[in-house]
Chemist: 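Right, I'll just put the structure down here and ask away after.
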Amino acid sequence: MPQDDNVLYVEARADVDIDEPLRSYVDQLPQTVGLLASVQYVHLLPRAREIIEASGRVALIGRGDERICYPGQVLGCNCSSAIAVQGEVESYLFLGEGDFHPLAATFGVEKKVVILNPVTGEIRSVDDKRDRIVRKRFATICLAEKAEKYLVILCGKVGQCRRDAADRIEAQLRAAGKQVYRLVTDEVSPAALLPYRVDAYVNTACPRIAMDDSVRYDHPMLTIPEAEIVLGLRTWDEYVFDSI
């Protein structure tokens, strides 16, 4: 998020009621459930826990790392709240709209994530979309295996600047005999990368740039763990979501 003393950032909370849709679905939940939400719905998590535990089940709200403000909160590039309780729950219930935030949770954990839209009451899964994206990621990794020239992208934005991670993957690429260049930029876009004559990119900024927008780029766009698979430093079975 930009740091500007002249801008006041005010969080908004959605005034909605989840009681009816959640009560109609609660019997389909397993015995132990992890609760997640995007920021505008985190205030609903205690109520969701009450409803679920009234049915005799256990509901856990994980506390994420230092980048997460509220227990149970999920960002598009950080699902540490889900990971925090992964060993204690059988599945997750996410309160939110759209696919961007719940997909982060499904990429980061190996258990089912069900979405409850607090506005419409709709309950659904993003499993199909997740599987399509993962298959595309594997195809991108295969395309990058022939790459010899890499551009490592370091983002200058606060919260996305991972200099140590960029240094590490650059050293690993050079150790593998690859030619490596580095781009420091505040904006990662196809136009920004167009002048660079390379075979593949390694993005150290928000991992969703690679995962959601890969078709926009002329060359394979990899996350750090994906680049490690290309280099043989990580196996296909060790594929993980690159979380900031």
Chemist: Mind checking the CG-CG spacing from Leu154 to Asp186? Nearest 0.5 Å is all I need.
Modeler: 10.0 Å
Chemist: Nearest 0.5 Å, what's the CG-OH distance between Leu151 and Tyr201?
Modeler: 7.0 Å
Chemist: Looking only at heavy atoms, which two atoms of Ile123 and Pro21 are closest? And how far apart?
Modeler: CD1-O, 3.7 Å
Chemist: Give me each pair satisfying side-chain hydrogen bond (donor to acceptor under 3.5 Å, both in side chains) with a member in residues 151-164, each pair once, sequence neighbours excluded.
Modeler: Arg162-Asp242
Chemist: Taking all heavy atoms of Ser91 and all of Pro30, pick out the closest pair and write down the distance.
Modeler: OG-CG, 3.1 Å
Chemist: Is there a chain of hydrophobic side chains (I, L, V, M, F, W, Y, each step under 4.5 Å between heavy atoms) that links Tyr217 to Val198?
Modeler: yes
Chemist: Establish, from distance only, whether the side-chain atoms of Tyr9 and Glu11 form a donor-acceptor pair under 3.5 Å.
Modeler: no
Chemist: Measure the shortest side-chain to side-chain distance between Val39 and Cys69 over non-hydrogen atoms and say whether it is less than 4.5 angstrom.
Modeler: no
Chemist: Could you walk me through whether Ile52 and Leu35 satisfy the side-chain contact (heavy atoms from CB on, under 4.5 Å) test, starting with their C-alpha distance in whole Å, then the side-chain angles of each, then the deciding distance to 0.1 Å, before giving a yes or no?
Modeler: CA-CA 10 Å; Ile52 292 170; Leu35 297 180; 3.6 Å; yes
Chemist: Please list, chain by chain and in numerical order, all residues satisfying ring-ring contact (aromatic ring centres under 6.0 Å, His included) with Phe138, sequence neighbours excluded.
Modeler: Trp236, Tyr239
Chemist: Which atom pair, heavy atoms only, marks the closest approach of Ile224 to Ala165?
Modeler: CD1-CB, 3.6 Å
Chemist: Mark yes or no for whether Asp213, through its side chain, and Arg216, through its backbone, hold a donor-acceptor pair below 3.5 Å.
Modeler: no
Chemist: Is Phe100 isolated, or which residues cluster with it under the ILVMFWY side-chain rule of less than 4.5 Å, directly or via members?
Modeler: none
Chemist: In chain order, what residues pass the ring-ring contact (aromatic ring centres under 6.0 Å, His included) check against Phe107, with sequence neighbours excluded?
Modeler: Phe241
Chemist: With side-chain contact (heavy atoms from CB on, under 4.5 Å) as the test, would you mind laying out the steps for Val33 and Val89 before giving the verdict?
Modeler: CA-CA 5 Å; Val33 184; Val89 301; 5.8 Å; no
Chemist: So which atom in Cys155 and which in Thr204 form the shortest heavy-atom distance, rounded to 0.1 Å?
Modeler: N-OG1, 4.4 Å
Chemist: In chain order, what residues pass the salt bridge (charged side-chain N to carboxylate O under 4.0 Å, His left out) check against Asp212, with sequence neighbours excluded?
Modeler: Arg208
Chemist: Is there side-chain contact between Thr32 and Leu60, with at least one heavy-atom pair below 4.5 Å?
Modeler: no
Chemist: Identify, with sequence neighbours excluded, every residue that meets ring-ring contact (aromatic ring centres under 6.0 Å, His included) alongside Tyr92.
Modeler: none
Chemist: Atom NZ of residue position Lys111 - does it have more than 12 heavy atoms of other residues, nucleotides or ligands inside 6.0 Å?
Modeler: yes
Chemist: Suppose we screen for salt bridge (charged side-chain N to carboxylate O under 4.0 Å, His left out). Which residues come up paired with Lys149, at least two apart in sequence or across chains?
Modeler: none
Chemist: So how far is it from Glu228 CD to Leu173 CG, rounded to the nearest 0.5 Å?
Modeler: 9.5 Å
Chemist: Is Leu95 reachable from Leu29 through a run of I, L, V, M, F, W or Y residues, each pair having side-chain heavy atoms under 4.5 Å apart?
Modeler: yes
Chemist: Can you tell me how far apart CG (Asp199) and NE2 (His219) are? Round to the nearest 0.5 Å.
Modeler: 7.0 Å
Chemist: The criterion is side chain to side chain contact (heavy atoms under 4.5 Å, CB included); which residues satisfy it with Thr106, sequence neighbours excluded?
Modeler: Leu103, Val113, Val126, Arg130
Chemist: Give every donor-acceptor pair under 3.5 Å between a side-chain atom in residues 187-197 and any protein atom, sequence neighbours left out.
Modeler:
unit_1, atom_1, unit_2, atom_2, d
Ser189, OG, Ala192, N, 3.2
Arg197, NH1, Leu194, O, 3.0

Chemist: Kindly determine whether Val230 and Tyr150 satisfy side-chain contact (heavy atoms from CB on, under 4.5 Å), including the steps that lead there.
Modeler: CA-CA 12 Å; Val230 171; Tyr150 281 83; 3.4 Å; yes
Chemist: For Glu238, enumerate each residue passing the side-chain hydrogen bond (donor to acceptor under 3.5 Å, both in side chains) test, keeping only those at least two apart in sequence or located in another chain.
Modeler: Thr235
Chemist: Applying the 4.5 Å side-chain criterion to the ILVMFWY set and letting contacts propagate, would Ile51 and Leu93 be lumped into a single cluster?
Modeler: yes
Chemist: What verdict does the side-chain contact (heavy atoms from CB on, under 4.5 Å) test give for Leu116 and Leu22, after you've listed the backbone C-alpha separation in whole Å, the side-chain angles of each residue and the deciding distance to 0.1 Å?
Modeler: CA-CA 8 Å; Leu116 167 58; Leu22 183 51; 4.2 Å; yes
Chemist: Using a cut-off of 6.0 Å, state whether more than 12 heavy atoms not belonging to Arg63 lie near its atom CZ.
Modeler: no
Chemist: Roughly how far apart are Ile115 CD1 and Leu36 CG, rounded to 0.5 Å?
Modeler: 10.5 Å
Chemist: What is the minimum heavy-atom distance between Gly64 and Ser80, and which atoms define it?
Modeler: CA-OG, 3.3 Å
Chemist: Measure up the Phe94 and His101 rings against each other and bin them: parallel (under 30°), tilted (30 to 60°), perpendicular (over 60°).
Modeler: parallel
Chemist: Would you check if the side chain of Ser81 reaches a backbone N or O of Gln73 as a donor-acceptor pair within less than 3.5 Å?
Modeler: yes
Chemist: Which residue pairs pass the side-chain hydrogen bond (donor to acceptor under 3.5 Å, both in side chains) test when at least one of the two sits in residues 34-60, sequence neighbours left out?
Modeler: Asp19-Arg47, Ser38-Gln40, Tyr41-Glu97, Arg47-Glu50, Ser55-Arg57
Chemist: Is there a path of hydrophobic side-chain contacts, each under 4.5 Å between heavy atoms of I, L, V, M, F, W or Y residues, that connects Val114 with Ile18?
Modeler: yes
Chemist: In Å, rounded to the nearest 0.5 Å, how long is the span from CD1 of Ile61 to CG of Leu45?
Modeler: 5.0 Å
Chemist: Might you point out which heavy atoms bring Cys77 and Cys206 nearest each other, and give the distance in Å?
Modeler: CB-SG, 3.9 Å
Chemist: Just jot down the salt bridge (charged side-chain N to carboxylate O under 4.0 Å, His left out) partners of Glu148, sequence neighbours excluded, or say none.
Modeler: Lys178
Chemist: Any donor and acceptor pair, going by atom type alone, linking the side chain of Glu226 with main-chain N or O of Thr223 inside 3.5 Å?
Modeler: yes
Chemist: So if you build clusters from Ile, Leu, Val, Met, Phe, Trp, Tyr with side-chain heavy-atom gaps below 4.5 Å, do Val202 and Leu231 land together?
Modeler: yes
